[in-house]
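In each ligand, atom 1 is the first atom listed, and ligand 1 is the first ligand listed.
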Amino acid sequence: MCGIIGIASNKPVSINIINSLKKLEYRGYDSAGLATLNNSQINEKKCSGRVDELEKILFKNPSEGNIGIGHVRWATHGVPNIINAHPHSSEKVSVVHNGIIENSDELKKDLEIKGFKFKSQTDTEVITLLVTQFLEKSEPLEAVFKTLRKLKGSFALGIIFKNFSDIIVGARRGSPLAVGYSNEENYLGSDSYALKSMTNKISYLDDGELCMLTKSDIAFYDVNLKKINKKIYTVSDDENISDKGDYKNFMSKEIFEQASTIKKCLNEYTDSIKKDINIYNFPIEPKQINKIILIGCGTAYHSCLVAKYWLEELTTIDVEIDIASEFRYRNIKFNPKNLYIFVSQSGETADTAAALDICKKNKVKTCSIVNVVESTIARSSDWVLPIHAGPEIGVASTKAFLGQLIVLYILSLKLSKVRGDIDKNKYDEYLRNLHKLPESIKNTFKLENEIQLMAKEFLDANGSMFLGRGSSFPIALEGALKLKELSYLHAEGYPAGEMKHGPLALIEEGLPVIVIAPKDKYYEKTLSNTQEVIARGGKIFFITDNKKRLLSTNIRYRLRVPRIDNLLSPLLLTIPLQLLAYHVALLKDCDIDKPRNLAKSVTVE
Ligand code: AGP
């Protein structure tokens with residue numbers, strides 16, 4: 001969740017480092033810094049706050065040098081301030097780090113006993129001083145290698161050396177690290193996105209590997225410091241990614257492009273001529289699949305929750321779901337006939353990647369549903385189903401969530417068909433309904449004006465509840481998460497049927513309660529739960545696809561999304577909740593694309 005960049009060039013690098021850090025700010029943005037090497041001097045510049053602050057510092061006091069490293073931070077050890085910002089430099093080296101060194105306290109004590117002085121509260125500084133120590137008797141690569149053997153925990157590193165003015169050393173364990181190739185300069189970065197504006201030729205380090213860059217060469221080394229070769233990928237060009245166009249922020253762009261991203265995804269996975277779904281190379285023969293386990297974090301976990309309802313409805317496969325940070329520590333009974341599916345927008349979430357690694361070690365078949373096909377999780381899976389949503393920059397996930405849902409639905413439908421769990425007529429009907437989705441999404445956006453008015457009712461409320469049954473329950477969770485992470489207001493998603501078992505005590509006069517109630521088999525039950533809330537003074541915001549109006553004074557707002565096949569209603573019901581969270585956050589003047597305390601890709605535990 002921090003961003004790293006390194007550039008070895010035949011020309012000054014600080015401007016390109018700054019531009020790359022701006023692209024990496026979605027990974028973390030509470031402080032920033034860079035260090036360049038010029039005439040065997042390390043020029044370190046740092047700031048608390050955004051990269052713009054660092055740019056102002058450099059404008060007043062430029063940092064020369066054709067080699068350098070940069071960093072944007074999401075604090076793990078030490079408050080966000082200039083001293084704790086990266087790089088962390090000694091008189092011999094400068095280091096940028098993404099990850100957590102779990103034994104930093106004991107290493108710090110050892111180094112202090114040897115007379116080393118620490119300036120910061122960070123775990124990273126132990127790396128700086130260990131490399132400095134080992135440089136006494138070793139060349140840079142060897143000094144870094146010796147340092148890594150002392151470290152417990154995760155790291156992606158970029159290191160420059162005062163007395164070696166043409167190299168950058170990188171290393172990776174648990175946090176992603178990529179390198180980029182160009183003419184007369186080479187790059188190191190947390191992910192390919194930071195490098196794409198400079199090159200589309202990318203290689204990825206795997207855990208335990210090191211690299212050494214100069215402006216003309218990149219060498220790779222394995223965990224035993226033996227030279228190895230790495231595949232060079234030509235990565236896709238992100239069309240107009242850095243351009244918000246006429247939108248005020250990335251999140252609004254990403255909300256309103258969902259009709260087109262879903263359409264693009266459907267085009268990728270469905271064949272309108274053959275009237276079939278283009279998913280074939282299952283890692284397990286579909287009829288042999290004993291159980292599917294779906295694993296993710298945050299919003300990605302919510303998509304897993306929805307998919308459980310679909311798989312149970314459309315197939316005879318047993319389905320489990322789990323939060324990755326829980327799954328990775330369970331005593332799992334692995335079964336080779338189980339298919340383990342990992343959902344992750346970034347494909348770099350540490351808990352999800354760790355859960356995947358455990359499955360790989362237990363030799364079971366894995367599938368990942370990701371938005372970044374070059375990501376660690378995608379490259380580690382037996383089978384990858386991309387969501388084709390295009391880069392999602394807003395920290396709060398919107399189009400990626402709908403992309404995850406549509407791919408999970410398409411997979412469920414295909415499994416159902418190839419297993420013979422549904423007949424061809426039903427399959428064809430479901431396929432036809434799928435192609436109505438982009439237009440229905442567009443029509444759902446027409447609710448925005450009403451939602452803008454609704455948003456005002458949340459500003460002074462003492463929290464809010466989001467309720468739903470069946471596949472609307474995970475959508476309630478997702479709506480509450482969006483409101484929390486964008487507006488910093490308390491919000492809770494709950495199964496509507498569970499309110500009477502305790503949470504009803506929270507209902508007080510005027511408390512906003514969003515009820516998600518499509519006209520499905522749960523509708524009447526959800527109405528009863530709504531009446532229970534109204535009877536206790538709750539202010540109801542009713543989201544449905546039912547034409548029939550509800551007669552009650554306490555229905556403060558009734559939003560009607562277009563009617564579509566019940567199985568697909570979760571995708572439409574999500575959109576008003578995205579817009580609600582967005583408009584409440586706008587009214588509160590919150591940072592829409594970079595909410596406080598968060599990061600787009602959580603690459604630490
Ligand atoms: C989504 O709005 C959140 N930013 C967060 O919950 C996110 O979904 C979670 O961190 C998982 O990220 P991933 O999909 O990249 O693995």
Does the ring centre of Phe542 sit less than 6.0 Å away from the ring centre of Tyr557?
-> no
Heavy-atom contacts with Ala396 under 4.0 Å: which atoms of ligand 1 show up? List them by number with element.
-> 2 (O)
Going by an N to O cut-off under 4.0 Å, is there a salt bridge joining Glu209 and Lys230?
-> yes
Ligand 1 to Ala300, heavy atom cutoff 4.0 Å, flagged ligand atoms 8 (O), 14 (O)
Under 4.0 Å to a heavy atom of Val395 - the qualifying atoms of ligand 1, by number | 2 (O), 4 (N)
Pick one of side chain, backbone, both or neither for how Glu348 approaches ligand 1, counting any non-hydrogen atom pair under 4.0 Å.
-> neither
Salt-bridge test for Asp593 and Lys248: reply yes if a basic N is under 4.0 Å from a carboxylate O, no otherwise.
-> no
Does an N or O from Lys600, backbone or side chain, lie closer than 3.5 Å to an N or O of ligand 1?
-> no
Can you list the atoms of ligand 1 that are under 4.0 Å from a heavy atom of Gln345?
-> 13 (P), 14 (O), 15 (O), 16 (O)
May I ask you to identify the nearest protein heavy atom to atom 10 (O) of ligand 1, giving residue, atom name and distance to one decimal place in Å?
-> Val602 CG2, 4.0 Å
Going by the order shown, which atoms of ligand 1 are within less than 4.0 Å of some heavy atom of Gly298?
-> 6 (O)
Step by step, work out the side-chain contact (heavy atoms from CB on, under 4.5 Å) result for Val370 and Val384.
-> CA-CA 7 Å; Val370 296; Val384 182; 3.9 Å; yes
Backbone or side chain, does any N or O of Glu478 fall under 3.5 Å from an N or O of ligand 1?
-> no
Closest protein heavy atom (residue, atom, distance) for atom 16 (O) of ligand 1 = Thr349 OG1, 2.5 Å
Show the numbers, then the answer: is there a salt bridge (Lys or Arg N to Asp or Glu O under 4.0 Å) between Lys253 and Glu257?
-> CA-CA 6 Å; Lys253 172 174 179 274; Glu257 65 185 0; 3.7 Å; yes
Does Asn362 reach the main-chain N or O of Phe334 with its side chain, forming a donor-acceptor pair under 3.5 Å?
-> no
Looking at Met251, Glu485, Gln404, the heavy atom closest to atom 3 (C) of ligand 1 belongs to Glu485
Please list every donor-acceptor pair under 3.5 Å in which a side-chain atom of residues 486-499 meets a protein atom from a residue at least two apart or in another chain.
from	atom 1	to	atom 2	distance (Å)
Ser487	OG	Leu483	O	2.5
Ser487	OG	Leu489	N	3.3
Tyr488	OH	Arg596	N	2.8

Ser601: heavy atom below 4.0 Å from ligand 1, yes or no?
-> no
At a 4.0 Å threshold, what atoms of ligand 1 neighbour a non-hydrogen atom of Ser397?
-> 1 (C), 2 (O)
4.5 Å side-chain heavy-atom contact, Leu205 and Val179 | yes
Can the ring centres of Phe458 and Phe541 be said to be less than 6.0 Å apart?
-> yes
Looking only at protein heavy atoms, which one is nearest to atom 11 (C) of ligand 1, and how far off is it?
-> Cys297 O, 3.4 Å
Which ligand 1 atoms, with their elements, are less than 4.0 angstrom from a heavy-atom of Thr299?
-> 1 (C), 2 (O), 6 (O), 8 (O)
Carboxylate-amine/guanidinium proximity below 4.0 Å for Asp357 and Arg328 = no
